[in-house]
*Asks:* 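One structure follows; several queries about it will come next.
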Amino acid sequence: MSATEDAAPGRGAAKITRVSTADYQWKRARPITNGLHTYTTSDMTVVKIETDVGVTGYGVGRPRPGERELRASFLATLVGRDPTMTEAIWASLWSPKLSGRRGYETRALSSIDLALWDIKAKLANMPLYKLLGGYRTRIPFYIAGGYYSEGKGFKELQQEVESYVALGAKAVKMKIGAVPIKEDIARIKAVREAIGPDVKLLMDANCAYRYYDAIQLAQRAEEYEPFWFEEPVQPDDYDGFRKIAAATSIPIATGENEYTKHGFRDLIATQAVAILNPDARYMGGVTEFMKVAAMAQAHGLDICPHGDQQAHLHLLAAIPNARLLEFYPKKVNAMAGEVYLHPPALNDDGTVTVSDLPGIGLDPNEEALAPHRIG
């Protein structure tokens with residue numbers, strides 16, 4: 001039997017009977033800009049995997065050219081397989097020579113892996129975080145906002161972050177990198193003044209800087225005590241990360257554009273990154289996320305995943321080195337709180353409570369999503 005071949009099924013083993021996807025897109029109320037990019041829409045793909053025992057699993061991805069085609073190709077190989085054999089299925093789909101190793105192909109695989117783990121947890125009649133080991137039931141969150149947008153000055157930026165604190169957030173994130181350093185320092189100062197000294201201030205450049213500009217920004221921002229400096233340079237600029245980390249007291253966070261355990265192994269080896277931001281929708285699903293979390297734990301590093309809070313809440317509840325959950329509000333995503341059937345609620349103490357419903361919690365709210373379907 002090959003390493004990627006399913007073992008002989010046991011009695012009552014579930015089998016995959018049908019696979020399908022649905023693509024959605026909706027406009028943002030107003031375009032938002034980070035350090036390098038402007039976004040006018042939000043989108044998502046829902047992966048649906050059905051079994052012969054009546055259990056259905058859901059995963060999420062993006063409806064991007066390339067990713068869609070690869071996902072369809074991968075899904076076509078799954079009918080008849082045992083959905084609980086996640087390691088075997090992952091290994092059979094990840095083929096660097098045939099489909100690639102760190103882009104759309106891994107994102108397509110990730111959306112499938114999420115759906116398979118959803119099935120596993122539902123078959124066990126357990127929430128995913130307990131199936132994975134279970135460590136906590138509440139996760140501290142931060143609200144991701146502070147984007148650039150037309151007409152948003154210092155006053156409007158301050159009002160925005162103040163509204164996040166009013167929701168119970170003990171940490172907020174703002175974007176930097178799209179304007180001159182002097183102007184961003186003034187924005188950072190304005191946010192710190194608005195949220196006060198006790199709320200964590202996270203800043204995210206989305207890879208906008210060269211290392212020497214990032215060092216200048218960081219050194220000038222230190223007096224405002226940022227909790228982290230996220231993606232100061234391009235994801236493959238390991239030397240840049242090292243130089244920045246050596247020049248500032250602000251912890252470096254990165255990883256949303258990293259893929260698989262192999263990429264995170266190399267990122268950890270730089271010894272420059274304090275906080276890892278894996279995105280389970282991109283870097284390999286639950287299967288790889290848990291391996292990366294274990295590697296990070298062994299190196300004394302925290303995990304603060306990037307993106308969709310619903311995809312990561314159970315994963316953070318399952319590991320001891322989770323620090324913060326990224327949470328997107330309606331100001332950033334007009335469909336926030338409406339995409340899924342059971343969205344998490346924010347607690348006044350700055351945490352989110354993990355659901356005890358079986359699965360990972362990605363069951364889509366098809367009624368709310370229907371008007372936005374594009375494929």
Side-chain angles (χ1 to χ4, degrees), residues 28 30-40 142-165 169-237 239-257 272-275 277 304 306-307 324 326-329 331-333:
R28 296 180 184 273
R30 63 169 58 184
I32 57 174
T33 299
N34 62 23
L36 288 179
H37 308 289
T38 296
Y39 302 96
T40 60
Y142 72 87
I143 292 184
Y147 286 82
Y148 305 92
S149 62
E150 186 176 354
K152 184 192 285 188
F154 293 164
K155 180 181 177 181
E156 291 77 16
L157 177 61
Q158 288 181 315
Q159 290 173 339
E160 178 190 353
V161 296
E162 286 169 351
S163 73
Y164 299 156
V165 175
K170 308 300 183 186
V172 298
K173 187 164 80 174
M174 64 179 294
K175 298 297 183 177
I176 59 173
V179 297
I181 289 174
K182 182 178 180 180
E183 185 176 343
D184 264 336
I185 292 297
R187 292 174 68 250
I188 292 167
K189 178 182 178 183
V191 170
R192 174 51 77 196
E193 290 174 348
I195 65 177
D198 299 325
V199 175
K200 292 181 175 64
L201 169 57
L202 289 55
M203 54 187 196
D204 183 3
N206 291 103
C207 312
Y209 295 116
R210 295 284 190 265
Y211 80 87
Y212 43 86
D213 291 320
I215 289 173
Q216 182 183 162
L217 181 286
Q219 291 179 342
R220 294 178 65 179
E222 282 179 345
E223 67 176 292
Y224 305 110
E225 300 183 331
F227 181 68
W228 79 41
F229 188 177
E230 184 176 343
E231 284 202 311
V233 292
Q234 290 291 325
D236 293 312
D237 187 6
D239 283 341
F241 287 126
R242 293 186 187 98
K243 292 171 183 176
I244 299 164
T248 180
S249 62
I250 304 171
I252 304 303
T254 194
E256 72 179 75
N257 289 300
V273 180
I275 299 157
N277 308 133
C304 299
H306 164 265
L324 290 170
E326 185 165 28
F327 196 99
Y328 289 96
K331 282 189 170 84
V332 175
N333 181 351

*Asks:* Using only heavy-atom distances, determine whether the side chains of Tyr224 and Lys189 contain a donor-acceptor pair under 3.5 Å.
*Replies:*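 No pair is found: no donor N or O on one side chain lies under 3.5 Å from an acceptor on the other.
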*Asks:* Test side-chain contact (heavy atoms from CB on, under 4.5 Å) on Ile244 and Tyr209 and set out the steps.
*Replies:* CA-CA 11 Å; Ile244 299 164; Tyr209 295 116; over 6 Å; no
*Asks:* Report yes if the side chains of Asn34 and Tyr39 come closer than 4.5 Å at any heavy-atom pair, otherwise no.
*Replies:* yes
*Asks:* Is the shortest side-chain heavy-atom distance between Trp228 and Lys173 below 4.5 Å?
*Replies:* yes
*Asks:* What are the two closest non-hydrogen atoms of Ile215 and Lys243, and how far apart are they?
*Replies:* CD1-O, 3.8 Å
*Asks:* Can you tell me if Gln216 uses its side chain to pair, donor with acceptor, with the backbone of Ile181 under 3.5 Å?
*Replies:*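 Checking the backbone N and O of Ile181 against the side chain of Gln216, no donor-acceptor pair under 3.5 Å is found.
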*Asks:* Please tell me if the side chains of Tyr142 and Val172 come closer than 4.5 Å, counting only heavy atoms from C-beta onward.
*Replies:* no
*Asks:* I need the minimum non-hydrogen distance between Gly240 and Tyr211, along with the two atoms involved.
*Replies:* CA-CB, 3.8 Å
*Asks:* Is there side-chain contact between Asn206 and Lys175, with at least one heavy-atom pair below 4.5 Å?
*Replies:* yes
*Asks:* Between Phe229 and Asp204, does the side-chain contact (heavy atoms from CB on, under 4.5 Å) criterion hold? Intermediate values first, please.
*Replies:* CA-CA 6 Å; Phe229 188 177; Asp204 183 3; over 6 Å; no
*Asks:* Check the pair Glu222 / Thr248 against side chain to side chain donor-acceptor pair (under 3.5 Å), numbers first and verdict last.
*Replies:* CA-CA 8 Å; Glu222 282 179 345; Thr248 180; 2.7 Å; yes
*Asks:* Between Glu326 and Ile143, is there a side-chain heavy-atom distance shorter than 4.5 Å?
*Replies:* no
*Asks:* Val273 and Ile252: which non-hydrogen atoms are nearest, and at how many Å?
*Replies:*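 Minimum heavy-atom contact is CG1-O, 3.5 Å.
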*Asks:* Quick one: closest heavy-atom pair of Pro251 and Pro226, and the distance?
*Replies:* CD-O, 4.5 Å
*Asks:* With a 4.0 Å cut-off, would you call Glu160 and Lys152 a salt bridge?
*Replies:* yes
*Asks:* Is it true that Asn257 and Glu231 share a donor-acceptor pair across their side chains at a distance under 3.5 Å?
*Replies:*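 Indeed, the side chains of Glu231 and Asn257 share at least one donor-acceptor pair under 3.5 Å.
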*Asks:* Can Tyr164 and Phe327 be said to form a side-chain contact (heavy atoms from CB on, under 4.5 Å), step by step?
*Replies:* CA-CA 10 Å; Tyr164 299 156; Phe327 196 99; over 6 Å; no
*Asks:* Has Arg30 got a side-chain atom pairing as donor or acceptor with Glu150's backbone, closer than 3.5 angstrom?
*Replies:*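 Here the side-chain-to-backbone pair exists.
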*Asks:* Rounded to the nearest 0.5 Å, how far does CD1 of Ile250 lie from CD of Glu230?
*Replies:* 13.0 Å
*Asks:* Is it true that Arg192 and Glu223 have a side-chain N and a carboxylate O under 4.0 angstrom from each other?
*Replies:*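 Here Arg192 does not pair with Glu223 in a salt bridge, since their nearest N and O are not under 4.0 Å apart.
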*Asks:* Any side-chain heavy atom of Pro31 sitting closer than 4.5 Å to one from Ser149?
*Replies:*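 Pro31 vs Ser149: side chains apart.
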*Asks:* Ignoring hydrogens and angles, tell me if any N or O in the side chain of Glu156 forms a donor-acceptor pair with the backbone of Gly153 under 3.5 Å.
*Replies:*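 Flag set: sc Glu156 to bb Gly153 pair under 3.5 Å.
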*Asks:* Can you measure from CE (Met203) to CD1 (Ile188) and round to the nearest 0.5 angstrom?
*Replies:* 5.0 Å
*Asks:* Would a 4.5 Å heavy-atom cut-off, applied to side chains only, mark Lys200 and Leu202 as touching?
*Replies:* yes
*Asks:* Has the side chain of Asn277 got a donor or acceptor atom that lies under 3.5 Å from a matching backbone atom of Glu256?
*Replies:*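 No, the answer is negative, given that no donor and acceptor are paired below the 3.5 Å cut-off.
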*Asks:* Looking only at heavy atoms, which two atoms of Ala208 and Gly177 are closest? And how far apart?
*Replies:* CB-O, 3.7 Å
*Asks:* Can a donor-acceptor pair be found, under 3.5 Å and without considering hydrogens, that links the side chain of Gln158 to the backbone of Ala190?
*Replies:* yes
*Asks:* May I ask you to decide whether Asp213 forms a salt bridge with Arg210, counting only side-chain N to carboxylate O separations under 4.0 Å?
*Replies:*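 So Asp213 does not pair with Arg210 through a salt bridge.
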*Asks:* To the closest 0.5 Å, what do you measure between CZ (Arg28) and CG (Asn333)?
*Replies:* 6.0 Å
*Asks:* Set out, in order, the CA-CA distance, both residues' side-chain angles and the distance that settles side-chain contact (heavy atoms from CB on, under 4.5 Å) for Leu324 and Phe227, then state yes or no.
*Replies:* CA-CA 11 Å; Leu324 290 170; Phe227 181 68; 4.0 Å; yes
*Asks:* Is the side chain of Tyr148 donor-acceptor paired with the backbone N or O of Ala178 at a distance under 3.5 Å, no angle test?
*Replies:* yes
*Asks:* In the structure I gave you, are the side-chain heavy atoms of Met174 and Leu201 within less than 4.5 Å of one another anywhere?
*Replies:* yes
*Asks:* I need the minimum non-hydrogen distance between Phe154 and Ala186, along with the two atoms involved.
*Replies:* CZ-CB, 3.5 Å
